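The structure appears right after this line, and notes come after that.
Since the structure is predicted, the reported quantities are computational estimates derived from the model, not experimental observations.
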Amino acid sequence: MLESALRQLTTALRDQICPGTGLRDPEDQAPSPADHYGQVAAALALTLQEGDDSMAARHALEAWRSLAPADRGHAPFNRFLLNLLAEHRALTTGNPHDAASLRALAGECSLAWRYPSNNWALLARLCELQEAPTRHRKRVARRLLHLLSDWSHHNGAFIDYPSHPDRARTGSTPAAYHHKALFVAVAAAEYDAANDWQPTVERLLQWSLQTWDGHGHVGGLGRSNHALFGDACLVASLILLGADQAQARATPAGRMLQGIVQRWQEQTRPDGFIALNPANQDATGTGWDTYMHLSVYNAWAAAIVAWARDRTARVDRTALRIDLRASEPTATDDSHAVQFRVGDPGAVFALVSGCGQPPQAFSRSEVELRYAGGIPLHVTWQGCPLCPAPVRISREALEGNAGLAGWTPIFETEGMLYGLTDFDSCEIERAEQTVRIRLSGQPRALLRPDASGLGPRALAALDWRLLGGALGRKAALHRPKLSPVTGQLEWTIHLDRPRIEQTLILEHRSGQVVRYLNPGGHALTRTVPTEASFLAESGLAEQGQTSSTDGWLTTPLPSATADAIGRSLPPIELARGRYHAQLIVTWMSLQTACESR
């Protein structure tokens, strides 16, 4: 399957390459973005797959080389890929001038010490390890290992933001960039004493396994969730660790690799490219961020997977030895966990986020819900997705249709939007047939306030033009709370049948007008019909009960998971005092089939 996927990607890349323009993006209907790394990744992939005489590879590299250095962008990515291409040419052509010219091109991609995302800094330090003279290699490798330690939660999750995380709160740990951190660690072992990297790689691999649903999906938390970029990093890592070998195929790592590649087959487009996430089977651009481009991620996937397969074939390689049979995903009972792994991949399986994380972007116009705590990030029945990944949406869209918020309760007061996204306490209780997760906290601001006044506007302009948005990102760590409101959330997930229960208690302690925009809000997939009941009480007055066929406002959800929809009831004004609501969602056809067995 891997060989078939690589041949398909190679053909698709070659078909999109022309002299002069190099790689073209069939979705953008334009050359692959100049400030990304699609051209260099395509050149590496085609060289590895077709040989050093590949004209398509030469056209892609020349298109990138013809750009002014200031226009190239994504320096660590291009430098890393050019170093790999130089290493390959040095081994296969025996022409030192050819490899030297590629290394000189790589040197034009200047590296920085700090980046907005920690995964960029890791890749930059990996480039330095690739290039380090033998006498300095150990020192450079220790520095990279130190960063991986500093940017990892105690349970193995990679922290992509901030660069100085508070250990009491994990920071942002998106799954896709955790897989990239794993790839950096596994690749680094190819340039250093491999066994020195074993503890770090085992810890990072274990967390990837914790986010695997036992079938074809891995992750769901944070930006780029379920994206081809993270998939490719994970696949390349697993190949370098030997998970594609016959003796490893029955291990969890081997089965995870097989599940991803099978899903890639399902995501294949008519032009041969792999859709950027599972939702692209239905709608182009669904679940994408603005930095995601079809040609770039497909070229990246082809390049690093081809390189991993080429690397494992080298007879002079000293491989990192990991016992893949010892790596098994396990249930999560740590109350400080980033997310909880619940259930059995053969029946009901769920990943539920814990206390919540700071978003990596705190915008004035976009609401980021992909890091929210206390929500089902991914729920399946025997591998079939039932609950989709959360989303990032515009303020305008959310105010017009609060069902887009999915499971996250959303509030509006005095022109500000708040969400119950962060929790101060979390408990998990496991019984024979149920898992209960209890959280408590206060709603947090979902948007940065508009800058008003000369001073704040000048500071915002300075941040945008000279500081690269650093102040805005830092503001995500200190989002204001909606102090008059506290929330308690309890989830009951049934392990023996496809049913989820959510109990929400809100305490409103002031006379401030607060609107609850999405009572009963939840997110589902259209694949399997559901029945939902909702009962809410506010003070002494019962608000009533609503069934799935009467009163729900339903909207397509721009999730990375296919067939996603969001549902909620119309907004209400939150009365002073106590509000209590219970939502029960049951997938009746699956439950009936389960009971009949």
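- Residues Ser208 and His179 have side chains that bring a donor and an acceptor to within less than 3.5 angstrom of each other.
- Side chains of Arg567 and His522: a donor on one and an acceptor on the other come within 3.5 Å.
- Heavy-atom neighbours of Glu396 CD from other residues, nucleotides or ligands within 6.0 Å: at or below the threshold of 12.
- Residues Thr555 and Asn401 bring a donor and an acceptor atom of their side chains to less than 3.5 Å of each other.
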*asked:* Does Ser172 form a side-chain hydrogen bond (donor to acceptor under 3.5 Å, both in side chains) with Arg223? I'd like the steps, not just the answer.
replied: CA-CA 10 Å; Ser172 301; Arg223 62 192 177 112; over 6 Å; no

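- Considering Val367, Leu369, Asp289 in turn, Asp289 is the only one that fulfils the side-chain contact (heavy atoms from CB on, under 4.5 Å) rule with Arg392.
- No side-chain donor from either of Ser295 and Gln16 sits under 3.5 Å from a side-chain acceptor of the other.
- Residues Tyr291 and Ser224 bring a donor and an acceptor atom of their side chains to less than 3.5 Å of each other.
- Between His74 and Trp120, the distance from one ring center to the other falls under 6.0 angstrom.
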*Apply ring pair (Phe, Tyr, Trp, His ring centres under 6.0 Å) to the pair Tyr177 and Phe229, showing each step before the final yes or no.*
CA-CA 9 Å; Tyr177 297 101; Phe229 178 91; 5.8 Å; yes

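- The closest side-chain donor-acceptor pair between Asp213 and His215, if any, does not fall under 3.5 angstrom.
- Salt bridge Glu507/Arg578: present, at least one basic N to carboxylate O contact under 4.0 Å.
- Side-chain N/O atoms of Glu501 and His494 include a donor and acceptor closer than 3.5 Å.
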*asked:* Using the rule given for side chain to side chain contact (heavy atoms under 4.5 Å, CB included), can you reason through Ile584 versus Arg499, listing the C-alpha separation, both sets of side-chain angles and the distance that settles it, and then say yes or no?
replied: CA-CA 7 Å; Ile584 301 174; Arg499 172 174 164 142; 3.7 Å; yes

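- Of the N and O atoms on the side chains of Ser363 and Glu368, not one donor lies less than 3.5 Å from an acceptor on the other residue.
- No hydrogens or angles considered: nothing links the side chains of Tyr418 and Gln442 as a donor-acceptor pair under 3.5 Å.
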